[in-house]
Peer 1: 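A single structure is presented below for examination.
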Amino acid sequence: MLLNSSKPEPTGAANDVVYRRLRAQVMHGEILPGSARTLRGIGKEFGVSMTPAREAMRRLVAEGAFTLSSSGRISTPELSNDRIEELAALRALLEPELAARALPRAHFALIDRLQSINGVIGQAIARQDAVGYIRTNLEFHRTLYLRAQAPAMLAMAETVWLQMGPTMRSLYEKLRRSELPRHHRLIVAALKAGDEPGLRLAVRADVTQGLRMLAQ
């Protein structure tokens, strides 16, 4: 039996599509800090009614991807220096632990995959593609951390990434990278050597150094 393509998508499914696509936009720095959105505009952008737009935004506000002012204004957060320091500290706690837990499962296929992702990061840097850089940089980290088999910890790390997405875009534009992140090479080298202390140090430096420069 053929599906009726004109049948409207269920509200729950529409809500999930809008949520996931907006979440990716924020996490990857496609939306700048302080950018305002409206439910009507979101509905128009994604071709949905106000109900799924409202529900998707409610979920994203709860995760810290957007802020909701007392006047009802919805916008991406503009992080204070203290907030940047706090989120950098969370990354420094969570991500070295995830990497260390992944180390016993870091076989050659994973290392090859990380090196391949580094190549794509290099292409994004050459194009001065901020969004591409942020997206593939997070893919590098997520690919490693998935081997940790610690889904609750990874979910916490992703929530931090989400809250920092717009700020990461600002950081990229400030640093104007021209070469691959040095600490990615150190991460790969530590994985090859089975060096847990070196891996922890490399990950901690990678996820905090730029953020703390931004907070200065």
Side-chain angles (χ1 to χ4, degrees), residues 1-80 83-84 87 90-91 113 116-117 119-121 123-143 145-146 151-174 177 214:
M1 183 176 66
L2 293 175
L3 293 175
N4 182 357
S5 60
S6 64
K7 184 177 180 181
E9 191 174 22
T11 301
N15 153 39
D16 195 55
V17 168
V18 175
Y19 165 76
R20 285 186 286 105
R21 289 176 63 184
L22 266 177
R23 191 175 190 269
Q25 287 180 8
V26 175
M27 188 180 290
H28 298 153
E30 294 180 46
I31 305 175
L32 294 171
S35 297
R37 306 300 289 266
T38 65
L39 295 179
R40 188 178 303 279
I42 291 167
K44 183 177 181 180
E45 178 181 350
F46 295 103
V48 299
S49 68
M50 292 283 282
T51 299
R54 183 181 296 108
E55 179 59 22
M57 188 56 69
R58 184 192 65 79
R59 294 167 67 184
L60 290 163
V61 168
E63 289 185 297
F66 289 90
T67 58
L68 179 62
S69 71
S70 56
S71 64
R73 183 177 185 269
I74 303 167
S75 60
T76 46
E78 296 183 272
L79 301 180
S80 66
R83 183 65 173 152
I84 292 170
L87 293 174
L90 281 172
R91 291 196 71 177
R113 175 62 181 150
S116 175
I117 295 170
V120 180
I121 292 173
Q123 294 169 17
I125 292 171
R127 296 192 307 270
Q128 291 293 294
D129 177 3
V131 172
Y133 172 82
I134 294 167
R135 182 176 62 250
T136 49
N137 182 56
L138 291 179
E139 182 185 355
F140 177 92
H141 288 275
R142 185 183 286 108
T143 298
Y145 303 158
L146 282 170
M153 196 176 297
L154 179 55
M156 292 174 67
E158 289 188 342
T159 298
V160 176
W161 298 347
L162 178 64
Q163 293 180 24
M164 298 210 71
T167 300
M168 292 299 293
R169 172 69 175 274
S170 297
L171 173 62
Y172 178 89
E173 292 177 349
K174 180 178 180 179
R177 288 190 180 279
L214 188 62

Peer 1: If you take all heavy atoms of P52 and N15, which pair is closest and at what distance?
Peer 2: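 For P52 versus N15, the nearest heavy atoms are CB-N, 3.6 Å.
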Peer 1: Considering residues at least two apart in sequence or located in another chain, which fulfil the side chain to side chain contact (heavy atoms under 4.5 Å, CB included) criterion with E139?
Peer 2: R113, I117, T136, T143
Peer 1: How close do A124 and G132 get, counting heavy atoms only, and between which atoms?
Peer 2: CB-C, 3.8 Å
Peer 1: What is the distance from atom CG of L60 to atom CZ of R20, rounded to the nearest 0.5 Å?
Peer 2: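 Answer rounded to 0.5 Å: 12.0 Å.
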Peer 1: Step by step, work out the side chain to side chain contact (heavy atoms under 4.5 Å, CB included) result for I42 and L22.
Peer 2: CA-CA 9 Å; I42 291 167; L22 266 177; 4.0 Å; yes
Peer 1: Is S35 reaching over with its side chain to a backbone N or O of T76, donor-acceptor style, under 3.5 angstrom?
Peer 2: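 Between the backbone of T76 and the side chain of S35 there is no qualifying donor-acceptor contact (under 3.5 Å).
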Peer 1: Measure across A53 and G43 and return the closest heavy-atom pair with its distance rounded to 0.1 Å.
Peer 2: CB-N, 4.1 Å
Peer 1: Can you measure from CD1 (I74) to CG (L39) and round to the nearest 0.5 angstrom?
Peer 2: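 I74 CD1 to L39 CG: 4.5 Å, rounded to 0.5 Å.
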Peer 1: Where the side chain of T67 meets the backbone of S75, is there a donor-acceptor pair that is under 3.5 Å apart?
Peer 2: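 Yes, T67 side chain to S75 backbone: donor-acceptor pair under 3.5 Å.
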Peer 1: Does the side chain to side chain contact (heavy atoms under 4.5 Å, CB included) test come out yes or no for R127 and Y133, once each step is laid out?
Peer 2: CA-CA 9 Å; R127 296 192 307 270; Y133 172 82; over 6 Å; no
Peer 1: Would you call R91 and W161 a side-chain contact if the rule is heavy atoms closer than 4.5 Å?
Peer 2: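 The answer is yes, as the side chains (C-beta and beyond) meet within the 4.5 Å cut-off.
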Peer 1: Rounded to the nearest 0.5 Å, what separation is found between the NE2 atom of H28 and the CE atom of M168?
Peer 2: 11.5 Å
Peer 1: With a 4.5 Å limit on heavy-atom distance, are the side chains of F66 and V26 in contact?
Peer 2: yes
Peer 1: Do E158 and R142 sit within salt-bridge range, that is, some charged N less than 4.0 Å from a carboxylate O?
Peer 2: yes
Peer 1: Run the salt-bridge test on D16 and R59 with the 4.0 Å N-O cut-off and return the result as yes or no.
Peer 2: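 Salt bridge between D16 and R59, a charged N being under 4.0 Å from a carboxylate O: yes.
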Peer 1: So how far is it from L138 CG to L162 CG, rounded to the nearest 0.5 Å?
Peer 2: 10.5 Å
Peer 1: How many angstroms lie between CD1 in I31 and CZ in R37, if you round to the nearest 0.5 Å?
Peer 2: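 Here the interatomic distance stands at 4.5 Å.
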Peer 1: Of all the heavy-atom pairs spanning A65 and P77, show the shortest one and how long it is.
Peer 2: O-CD, 3.2 Å
Peer 1: Would R83 and Q163 count as a side chain to side chain contact (heavy atoms under 4.5 Å, CB included) if you check the C-alpha gap in whole Å, the side-chain angles of each, and the deciding distance to 0.1 Å?
Peer 2: CA-CA 10 Å; R83 183 65 173 152; Q163 293 180 24; 2.5 Å; yes
Peer 1: Are E63 and R23 within salt-bridge range, i.e. N to O under 4.0 Å?
Peer 2: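 Counted as a salt bridge, because a side-chain N and a carboxylate O are separated by less than 4.0 Å.
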Peer 1: What are the two closest heavy atoms between L87 and V160, and how far apart are they?
Peer 2: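 Of all heavy-atom pairs spanning L87 and V160, the closest is O-CG1, 3.8 Å.
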Peer 1: Does a sphere of radius 6.0 Å around CE in M50 hold more than 12 heavy atoms from other residues, nucleotides or ligands, not counting ones at 6.0 Å or beyond?
Peer 2: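 More than 12 heavy atoms, drawn from other residues, nucleotides or ligands, come within 6.0 Å of this atom.
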Peer 1: Which heavy atom of I134 sits nearest to which heavy atom of G29, and what is that distance?
Peer 2: CD1-CA, 4.2 Å
